[in-house]
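Here the structure comes first, spelled out in structure tokens, and everything after it is commentary.
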Amino acid sequence: MERTYIMIKPDGVQRGLIHKVIERFEQRGFYLKAMKMQMVTKEHAEKHYADLSSKPFFAGLVTYMCSGPVVCMVWEGKDVVKTGRKIIGATNPLASEPGSLRGDFCIEVGRNVIHGSDAVESAQHEIGLWFPEGVCE
Ligand code: ATP
Ligand code: MG
């Protein structure tokens, strides 16, 4: 079954939105397969967003991701990568549909509450990166 990597970013944790994220994914019918809270090192954040390293906002993005604990999750279910991205909403919250997590809970692209893998291949890569200890079947 398809899996995706979902991460509540430091602002989402700090603002008490963990339960909102879990609720939206659970009520849609997806299964939570793994979850943990941790601080992120600069090196790990740079690895996670390596494809954006040439962007002007990269340094700020890494600082943001290291500014407080994140909640790392693996969710499973039919078409969960694409549907998960819909639940999350567009990258810039000002373009996110109301009803999506970003569309309901934020206004800044640099403080957009949550990450979701953008493809099945990147989901597999990110799950390996964030859960090197493995995830239960
Ligand atoms: P994520 O990978 O976090 O789920 P995304 O796939 O919607 O987000 P990406 O293009 O992968 O969007 O960008 C990664 C993150 O970088 C965004 O979620 C956002 O926090 C930050 N970001 C993207 N564009 C900008 C920008 N123009 N200014 C500041 N931060 C940005
Ligand atoms: Mg992305």
Side-chain angles (χ1 to χ4, degrees):
M1 186 60 84
E2 188 169 298
R3 290 180 174 182
T4 193
Y5 177 66
I6 299 294
M7 172 165 56
I8 307 173
K9 297 178 179 181
D11 56 322
V13 173
Q14 199 171 12
R15 293 176 54 209
L17 299 175
I18 297 170
H19 71 293
K20 294 285 185 192
V21 173
I22 293 173
E23 182 180 47
R24 297 266 172 113
F25 277 83
E26 272 192 332
Q27 73 188 7
R28 190 65 192 263
F30 295 121
Y31 293 101
L32 183 57
K33 301 299 291 187
M35 178 163 73
K36 63 183 175 187
M37 180 182 268
Q38 65 173 67
M39 288 298 293
V40 183
T41 63
K42 185 168 177 279
E43 293 68 33
H44 203 73
E46 286 172 349
K47 229 185 242 181
H48 173 76
Y49 281 125
D51 56 328
L52 299 175
S53 59
S54 63
K55 301 284 184 190
F57 56 80
F58 184 69
L61 174 61
V62 169
T63 302
Y64 158 51
M65 291 304 297
C66 300
S67 65
V70 298
V71 173
C72 312
M73 296 179 286
V74 176
W75 286 88
E76 183 179 275
K78 196 174 176 181
D79 212 13
V80 69
V81 172
K82 202 166 113 205
T83 308
R85 295 276 292 186
K86 279 191 198 152
I87 291 172
I88 290 170
T91 305
N92 186 340
L94 298 182
S96 306
E97 293 296 329
S100 67
L101 285 163
R102 287 174 180 161
D104 284 351
F105 296 117
C106 57
I107 50 173
E108 297 283 352
V109 68
R111 294 282 181 279
N112 61 358
V113 173
I114 182 170
H115 161 81
S117 307
D118 60 10
V120 172
E121 302 72 47
S122 42
Q124 285 164 354
H125 170 73
E126 289 169 4
I127 290 168
L129 187 65
W130 290 92
F131 289 91
E133 67 272 31
V135 176
C136 295
E137 273 317 303

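In each ligand, atom 1 is the first atom listed, and ligand 1 is the first ligand listed.
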Point to revise | Protein contact to atom 19 (C) of ligand 1 [nearest heavy atom, distance to 0.1 Å] | key: Val109 O, 3.2 Å
Point to revise | Co-members of the apolar cluster containing Val135 [side chain, <4.5 Å] | key: Tyr5, Met7, Val40, Tyr49, Leu52, Phe57, Phe58, Leu61, Val62, Tyr64, Met65, Val70, Val74, Ile127, Leu129, Trp130, Phe131
Check your understanding: Gly116 heavy atoms, cut-off 4.0 Å: which ligand 1 atoms fall inside?
Key -> 4 (O)
Review point. For ligand 1, is any non-hydrogen atom under 4.0 Å from Asn112's backbone (N, CA, C, O), its side chain (CB onward), both, or neither?
Key: side chain
Revision key, fill the gap. Atom 15 (C) of ligand 1 has as its nearest protein heavy atom Leu61 CD1, 3.9 Å
Check your understanding: Do Phe25 and Trp75 pass the ring-ring contact (aromatic ring centres under 6.0 Å, His included) test, and can you show the C-alpha distance, the side-chain angles, and the key distance before you say yes or no?
Key -> CA-CA 8 Å; Phe25 277 83; Trp75 286 88; 5.3 Å; yes
Review point. Which bit of Thr91 is near ligand 1, meaning a heavy atom under 4.0 Å away: side chain, backbone, both or neither?
Key: both
Point to revise | Contact (N/O only, under 3.5 Å) between Gly110 and ligand 1 | key: no
Point to revise | Ion pair Glu46/Lys42, N-O distance below 4.0 Å | key: yes
Review point. What residues, two or more places apart in sequence or in another chain, satisfy side chain to side chain contact (heavy atoms under 4.5 Å, CB included) together with Met39?
Key: Pro69
Exercise for review: Supply the atom-to-atom distance Thr91 OG1 to Arg85 CZ, rounded to the nearest 0.5 angstrom.
Suggested key: 5.5 Å
Check your understanding: In terms of heavy-atom contacts, does NZ of Lys20 have more than 12 from other residues, nucleotides or ligands at under 6.0 Å?
Key -> no
Practice item. Please work out whether any backbone atom (N, CA, C, O) or any side-chain heavy atom from C-beta onward of Arg85 is under 4.0 Å from ligand 1, and answer side chain, backbone, both or neither. Key: side chain
Point to revise | Shortest protein contact, atom 4 (O) of ligand 1 (heavy atom only) | key: His115 ND1, 2.9 Å
Check your understanding: Is the number of heavy atoms from other residues, nucleotides or ligands within 6.0 Å of CD (Glu97) greater than 12?
Key -> no
Point to revise | Within reach of ligand 1, part of Arg102 (heavy-atom separation under 4.0 Å) | key: side chain
Review point. Can you tell me if NZ on Lys55 sees more than 12 non-hydrogen neighbours from other groups inside 6.0 Å?
Key: no
Check your understanding: For atom 22 (N) of ligand 1, what is the nearest protein heavy atom, given as residue, atom name and distance?
Key -> Phe57 CE1, 3.5 Å
**Study point:** Protein heavy-atom partner closest to atom 3 (O) of ligand 1 - residue, atom, separation in Å
**Key:** Tyr49 OH, 2.5 Å
Exercise for review: Could you see which bit of Leu52 sits under 4.0 Å from ligand 1, with heavy atoms only: side chain, backbone, both or neither?
Suggested key: side chain
Practice item. Please name the pair of heavy atoms, one in Ile114 and one in Ile6, separated by the smallest distance, quoted to 0.1 Å. Key: CD1-CG2, 3.7 Å
Point to revise | Part of Lys9 with heavy atoms under 4.0 Å of ligand 1, whether side chain, backbone, both or neither | key: side chain
